[in-house]
Structure formats: structure tokens, C-alpha cells
Participant: 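Before anything else, here's the structure in question.
Note that the coordinates shown come from a computational prediction; the quantities given were computed from them, not determined experimentally.
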Amino acid sequence: MNMCTETATMTLQSYTMHAALLSDDILHTIFRQFELDQWHRSTPLPAPGLPLDDPFQTENERLRCLARSARVCTAFRDAALPILWGTLYDLVPFLRLFPSCITTHNLTGRVGARGTHPGPYTYRLSTSYASRSELQRILLYGAMVRAVGKHHGYQYQGPGFTLYNHRADPASWVYLQAVLDGNPRRYLLPNLRRLSVQVFNASDLDLVSAVASPSLSDLELINFDHPNNRPPGGWQHVLEERIPALLSAAPNLTQLHLSFHENSHISNRIASAIARVTSLRTLYLRFSHAGGMESESPLWMPITLLSPLKNLERLVLGFGSDVPVNSSVTLPAQGLVATSLHNLREVEVLSVECVRNYHRLFKLLQSRTIQRLTLRTIVYVDAFSLRDLCRVLTHSFSKLSSFFCHFIIRSRPRNTTAAVTVEPLRTAISPLLSLQTLQDVSIHADLDISLHISLSDDDLEAMASSWPALRVFSLIGFDILYHVFYDESRISELSPLFGISLSAIATLATNCPHLEQLEIPLLDVQPHRVRPKDSYPFLNHQLRRFEAHDMYVGDYSTAACIIDRIFPTVDVVAPLAAVSEQWTEICSMRWDHAPEMSWTEWRFAAQYGLYLGIIIGQDGRDNDPWLSWEL
């Protein structure tokens, strides 16, 4: 008997956990590797619409590992459950805790590679009743939830795509809200920090009332409008009635995101409700219209009601239609930001359809405290309107340190570039050249813009001399090769107007010693534009990232030596990998009977050779410092 007891004791001791796992700090550090950002940080995303090949890197496996670990022992359970429940894609796992949860399986009969795929499972509550023990269990898990809403984990799916093949019936939110009626513990999710709701119909908004609490700091309501689900009175009527009550349920919000469609606009009532949430730091408003249908409430009228938001730091505005003009509206003499929103540092406008009508908005927001301005979409009409916009921006935001804009063209010319007047970029944005405080400048344009605005050495040198404090400089889209790649005579004619030479890059490096990132649309390495490499200065510039999105076919090997001479520490591994992947795809689609490379293939080969030559030069210096920038 004693021998059997001793043997059993030795067996149990052999399965005892390592002493390190008995430390809560170590155990929690280990399980933090299962958090979303840690788990997927090093996993490359597949092509759109395709699952991950590695089953151990999918979101399915992450959740399985956490669920299995929670069943091992009490110590593992206490470390795994907060991470498992901390971030929920939707509230279906929470609904399944209720005894009244009913599951409906809707078969669609859709046939695929793996046979018949089931349709979505629908989960709904049939009653709000829960016994005391069941309610305690629900509140225990509810206290672990920190975020609810669509997250990037859905992109990391395994074959089958069955992880989120379910939905919650929005009719359940009324029952969910009634669960705690009369209970001293008022909140089902007392530690909820972030809530993102995809609003398909008006009843989806009931979720906010059901789970919101004073702990909620980030609320996102994104509308997916469909005629079959559209409310009888329209979304504008629903917003007018529901938004004030929803925001009162979350008084400590720091981030608010409202995105609605179908003739919706920000009205005075909605703006007044938002203004009562004085803790807001980030406000994102995206509506289908900028004002009322009869233009009785233009955009800047509700915006003036946001003056109580003293803590607001970032304002994002987006509208699907033009701003109505109402000249009878009087704007504050000093602007809203200068008089009220003293902490506002960043303004982002998602769409600028009619530039002149937005001048009043920019004048309303004018302030010397705003440092970052982003214009996501500017509809290009002509160089005069663009220059006029830049004049207003320069006057309104005279202390900008960061500026981003993206131009699109209203109408594409029918003929070739011969019938179009091309204006240099430096003259189109000439007022911006007076902002010497700029450190981050990104000017992106659709490729059709190059039919109207050119980018050459003179433009780059003018911007380099005007913005000496540049750290990030990105120019994308001014690429004439997109239009005339098949016509070599047109290339020789237009190359002085389009393309950046190595001499201009050397001038930029000299005038902007703190530059860290540089993106250019078209690098000109034609032999007649490349001087002997010894004639370029050795600057030992500390540029960290360089990328040329397109190249003239030319002397890319000498160009690699020159860039390596100017920027000896630049990292071009990422663009080399991207070009290599594109080159592989092109080679895989080539016809076997096409021995000669096309123009596009030559350009990819030139880019590959440029980046590879820079890396070879760096490796050579690492192995032998006496090589001194020789391949």
C-alpha cells in the first residue's frame, strides 16, 4: 500500500507545472502573445478573398488555443479568459451565455469546393429572464469584455471561412437591455471601452443603449444602407430621434465615429447632442450630404455648435455631396478654432467636390494651432481653382507641419496630351511654398492628373528650397509613362516636363538635411540625364526610406551608385521585395513565344536593378569600408 502511494505521488509530481508558470506575471506575459496585435503582427495577409495557408496563424487557431488553455487549470483560466473575451468580433458569444438564446440555421444550398456550405447561423434572445446564478455567470464574462466590433482578425481566416458565419438578431437588443432592469448592477459590460456597430436597420442602434456604460470611450456607428432595410422616414429622421439618447448613455466618450448615407446630414440637433459630450478628443463625421435638402442648414452652421468641445484634438469631415452656399450666414471673425477649439491640432476632409464652396469651411476652422491638414479627395477642375484653394489654406493654417492631399480629375480628356495645357506643380500650389514650417508633405494624384500638372526637376528644387524642415516627402501619380508608354517620340518630347533626375534628388538632400522618407513617382535615369557619379556630392545623408514608383529605362546601375553615394544608409528592402513580387507575377503570365520583354517589363526590370544595386553597394561597404561607394 505504501509503495503504491509513493508511486502515485511520484507520478503526480512528474506532471507538476514548472515553477515559472506559477508566477502570475510570467503567465500573463505569455498569454499576452495571444492578443490580436501580437498574434497577427508577423503574419502576412493573403491576397483578397483567399484564406491563410498556415492553419496555425489563423484567427480560428488563436481562439481555439485560448479556449483550450482556459480548461487546463485555474491559473491558465485566469490568464486566458480575459484575452479570449477581451475583444469580440460581435456579441454572439455573449448572447449564447443566456439560457433563452435560440439558434436558427438557415440553409442556402450554396455549393463550393468543399461541398454544400451552410448559410449563417442566427442567434436571438426570446426573453430577458435569467436566474440569479445564470446572471452572475453572465456578469462575470461581461466584465471581461473590453471591445466589441469588427476587427482585423477576420482577415486571418482558414479554409472554409466559417469563423464568423453567424449573426445576432437585432431584435435581441431590447431583451438584452431589459436583463438588468431593477438590478443594482446597471451595466452588462461595465468595462467596455470600444463599441463598433454596423447599422443595417434602425433596430441595430438599440445595441448601444443595451451595453453602453460610463467606461465606453470609443463609439463607432457605420451605416450600410439598403432599400429593403431603410427606415420608413429615412435615416435622417432616425438620427434626429436616436443620436441624443445614445450619446447620453456614453458620457465619457473620447472618440466618436458617425458614418451614414441616404440623404443624411449633420443637423443642428445632432451637432448640439455631440457638443454635450465634452470629453471628445476625436470626432469623425461622414454623411451623404453636407447640409439640408433645401440648403437651410449649410455645413458651417452645425459646425459652429461644436464650440463646447474644448478637448477636441482631431476633426474628420466627409460628405458625399457639395456644400450648399448660403452667403447670408455670418462666420466668426477669428474662426471657430481660434475662439473655442483651442486644442484642435488635426483636421481631415474626406471629400472636396467643389473647392470654392469649401473656402468658408476652411475660414471657419482657421487657426495657427492646427498642425496637420489632410484633404483626402480634391476634385481637380483647373490650375486656377487649385491655386486659389492653396491660397485659402495658407491663410487659414499658417503654422502647418503636416499636409496631405489627393487630387482626382473631374473629366478625362478624350484625346492625347497634345491638346492639353500642362502646368508645373510648383505654380499650381505656389501659395503653399510660403509655409516653411512644413515637415511632412504628401501630394498624391490620380494618374490622369499628369495630363494637366507636370512634375520635373524645377518643381522638386523649388519645393526643396521652400520647405527646408522636411522629414517626409511623398509625391505620387505624376507619371506621364502611364499615358505614352507606347510612343517613344512622345517620351523624348515630354521627359523634360516629367520625371525627377538624380541632380534634383541631390539638391533636395542638400536643402533638406533632416529628410527621412522620400517617394517620387518617376525617376529619370536616361543616359543623357545621368552625370558621372563622382560629380555628385557625398552628403552622408541619413535618409531611411526611398522609393521610385516608376522609371525611365536607362542607366540604372550608375543611378544605384549615385543614390548610394547620396544616401548611404537608405533602406530599400521593402520596395525591392514589392517589385520582385510584381516581376514574378508578370513573368508567370508571359507567353512562352514572346522572347522580347515589353515596355512595362523593362521598367520593372530597371526598378529591380536599381534597388538591388543600392543593396549591393551597402553590402560591399559593410564587408570592406575601403570600397567607398563602388559596386
Participant: Output yes when a side-chain donor or acceptor of Ser401 lies under 3.5 Å from a complementary backbone atom of Gln371, and no otherwise.
Facilitator: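 It does hold such a pair.
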
Participant: What's the shortest heavy-atom distance between Leu433 and Arg426, and which atoms?
Facilitator: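 Where Leu433 meets Arg426 most closely, the heavy atoms are CD1-O, 3.9 Å.
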
Participant: Could you walk me through whether Arg471 and Glu516 pass salt bridge (Lys or Arg N to Asp or Glu O under 4.0 Å), step by step?
Facilitator: CA-CA 5 Å; Arg471 293 185 178 274; Glu516 299 176 358; 3.2 Å; yes

Participant: Should the pair His257 and Tyr284 be assigned to parallel (<30°), tilted (30 to 60°) or perpendicular (>60°) ring geometry?
Facilitator: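 Ring orientation of His257 relative to Tyr284: parallel.
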
Participant: Show your working on side-chain contact (heavy atoms from CB on, under 4.5 Å) between Arg194 and Leu219 and close with a plain yes or no.
Facilitator: CA-CA 6 Å; Arg194 180 180 183 273; Leu219 176 60; over 6 Å; no

Participant: Gln618 and Val570: side-chain contact (heavy atoms from CB on, under 4.5 Å), yes or no, with the steps?
Facilitator: CA-CA 9 Å; Gln618 293 173 345; Val570 69; 3.7 Å; yes

Participant: May I have the step-by-step check of side chain to side chain donor-acceptor pair (under 3.5 Å) for Ser503 and Arg531, ending in yes or no?
Facilitator: CA-CA 8 Å; Ser503 299; Arg531 305 195 312 265; 2.5 Å; yes

Participant: Just how far is it from atom CG of Leu610 to atom CG of Leu576, taken to the nearest 0.5 Å?
Facilitator: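 Here the rounded value is 10.0 Å.
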
Participant: Is there a side chain to side chain donor-acceptor pair (under 3.5 Å) between Ser501 and Asp457? Walk through the geometry before answering.
Facilitator: CA-CA 6 Å; Ser501 71; Asp457 287 358; 2.4 Å; yes

Participant: Pairs of donor and acceptor atoms involving the side chains of residues 393-400, under 3.5 Å and at least two apart or interchain, shall be tabulated with distances.
Facilitator:
| unit_1 | atom_1 | unit_2 | atom_2 | d |
| --- | --- | --- | --- | --- |
| Thr394 | OG1 | Cys390 | O | 2.7 |
| Thr394 | OG1 | Pro431 | O | 3.2 |
| Ser396 | OG | Phe362 | O | 3.4 |
| Ser396 | OG | Val392 | O | 2.9 |

Participant: Is there a donor-acceptor pair under 3.5 Å between the side chain of Gln436 and the backbone N or O of Ser434?
Facilitator: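 It does not hold such a pair.
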
Participant: Classify the side-chain pair Ser456/Asp459 by whether it contains a donor and acceptor separated by less than 3.5 Å.
Facilitator: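 Side-chain D/A pair, Ser456 to Asp459: present.
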
Participant: Please step through side-chain contact (heavy atoms from CB on, under 4.5 Å) for the pair Phe546 and Ile505, ending with a clear verdict.
Facilitator: CA-CA 11 Å; Phe546 171 78; Ile505 291 178; 4.2 Å; yes

Participant: Is there a side-chain contact between Gln198 and Asn223 in this structure, where contact means two heavy atoms from C-beta onward sitting under 4.5 Å apart?
Facilitator: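 Gln198 does not reach Asn223 side chain to side chain.
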
Participant: Give the minimum heavy-atom separation between Val525 and Ala559, together with the two atoms involved.
Facilitator: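 Nearest heavy atoms, Val525 then Ala559: CG1-CB, 3.5 Å.
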
Participant: Okay, side chain of Trp467, backbone of Asp440: is any donor-acceptor separation there less than 3.5 Å?
Facilitator: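 No.
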
Participant: Please check if atom CZ in Arg286 has more than 12 non-hydrogen atoms from other residues, nucleotides or ligands closer than 6.0 Å.
Facilitator: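 Open.
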
Participant: If I take atom CG from residue Leu283 and atom CG from residue Leu317, how far apart are they, to the nearest 0.5 angstrom?
Facilitator: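 Reported to 0.5 Å precision, the distance equals 7.5 Å.
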
Participant: Can you give me the closest heavy-atom contact between Leu508 and Ala464, atom names plus distance?
Facilitator: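 For Leu508 and Ala464, the tightest heavy-atom pair comes out as CD1-CB, 3.5 Å.
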
Participant: Within the 3.5 Å criterion, strictly below it, is a donor on Glu220 or Ser196 matched to an acceptor on the partner's side chain?
Facilitator: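 Yes.
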
Participant: Side chains of Glu547 and Ile520: closer than 4.5 Å at any heavy-atom pair?
Facilitator: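 Glu547 does not reach Ile520 side chain to side chain.
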
Participant: I'd like to check Leu502 versus Val530 (side-chain heavy atoms, cut-off strictly below 4.5 Å). Are they in contact?
Facilitator: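 Touching, per the 4.5 Å side-chain cut-off.
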
Participant: Between the side chains of Thr427 and Arg387, does any donor sit under 3.5 Å from an acceptor?
Facilitator: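 Distance-only check fails for Thr427 and Arg387.
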
Participant: Find the distance between OG1 (Thr254) and CG (Asn311) and round it off to the nearest 0.5 Å.
Facilitator: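 The OG1 atom of Thr254 sits 10.0 Å away from the CG atom of Asn311.
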
Participant: Do His549 and Ile476 come close enough that some side-chain heavy atom pair is under 4.5 Å?
Facilitator: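 In contact.
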
Participant: Using 0.5 Å steps for rounding, measure from the OG1 atom of Thr510 to the CG atom of Leu515.
Facilitator: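 Rounded to the nearest 0.5 Å, the OG1-CG separation comes to 11.5 Å.
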
Participant: Under the criterion side chain to side chain contact (heavy atoms under 4.5 Å, CB included), which of Leu435, Thr374, Leu438 is the partner of Phe403?
Facilitator: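 It is Leu438; the other options fail the test.
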
Participant: Here's one to test your reading of the geometry: is the NZ or CZ of Arg376 within 45 degrees of the ring axis of Phe404 and under 6.0 Å from its centre?
Facilitator: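 Judged by the rule (NZ or CZ under 6.0 Å from the ring centre, within 45° of its axis), Arg376 counts as positioned above Phe404.
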
Participant: Could you tell me the separation between the OG1 atom of Thr569 and the CG atom of Asn540, rounded to the nearest 0.5 Å?
Facilitator: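 If we round to the nearest 0.5 Å, Thr569:OG1 and Asn540:CG are 7.0 Å apart.
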
Participant: Does the pair Asp218/Arg146 count as a salt bridge with the N-to-O cut at 4.0 Å?
Facilitator: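 Here Asp218 does not pair with Arg146 in a salt bridge, since their nearest N and O are not under 4.0 Å apart.
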
Participant: Say you draw a straight line from OG1 of Thr437 to CD of Gln439; how long is it, rounded to the nearest 0.5 Å?
Facilitator: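 Those atoms lie 8.0 Å apart.
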
Participant: Would you say the side chains of Ser474 and Glu519 form a donor-acceptor pair under 3.5 Å?
Facilitator: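 The answer is yes; a qualifying pair exists.
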
Participant: Search all heavy atoms of Pro521 against all heavy atoms of Leu455 and return the closest pair with its distance.
Facilitator: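 Looking at all heavy atoms of both residues, the closest pair is CG-CD2, 3.5 Å.
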
Participant: Between Thr369 and Asn343, is the side-chain contact (heavy atoms from CB on, under 4.5 Å) condition met? List the steps.
Facilitator: CA-CA 8 Å; Thr369 63; Asn343 290 318; over 6 Å; no

Participant: State whether the side chain of Gln607 and the backbone N or O of Val579 hold a donor-acceptor pair below 3.5 Å, judged by distance alone.
Facilitator: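 Not at all, since once roles are kept as given, no pair shorter than 3.5 Å links the two residues.
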
Participant: Hey, does Leu470 have a side-chain heavy atom less than 4.5 Å from the side chain of Val441?
Facilitator: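 Val441 reaches Leu470 side chain to side chain.
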
Participant: Name the residue from Ile453, Asp550, Ile500 that meets the side chain to side chain contact (heavy atoms under 4.5 Å, CB included) definition with Phe478.
Facilitator: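 Result for side chain to side chain contact (heavy atoms under 4.5 Å, CB included) with Phe478: Ile453.
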
Participant: Search all heavy atoms of Cys405 against all heavy atoms of Ile378 and return the closest pair with its distance.
Facilitator: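 Distance-wise, the nearest heavy atoms are CB-CD1, 4.0 Å.
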
Participant: Are the charged groups of Arg545 and Asp571 less than 4.0 angstrom apart, N to O?
Facilitator: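 No, this pair does not count.
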
Participant: Leu543 versus Leu518: any side-chain heavy-atom pair under 4.5 Å?
Facilitator: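 A side-chain contact under 4.5 Å exists here.
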
Participant: Do Arg281 and Gln255 make a side-chain contact, defined as non-hydrogen atoms from C-beta onward lying under 4.5 Å apart?
Facilitator: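 SC-SC contact between Arg281 and Gln255 ruled out.
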
Participant: Testing the basics here: between Arg529 and Tyr536, what is the closest heavy-atom pair and its distance to 0.1 Å?
Facilitator: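 Scanning both residues completely, I find the closest heavy atoms to be O-OH, 4.1 Å.
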
Participant: Find out whether Met551 and Tyr556 are in side-chain contact, i.e. whether some heavy atom of one side chain is under 4.5 Å from a heavy atom of the other.
Facilitator: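 Of all side-chain heavy-atom pairs linking Tyr556 with Met551, at least one is under 4.5 Å.
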
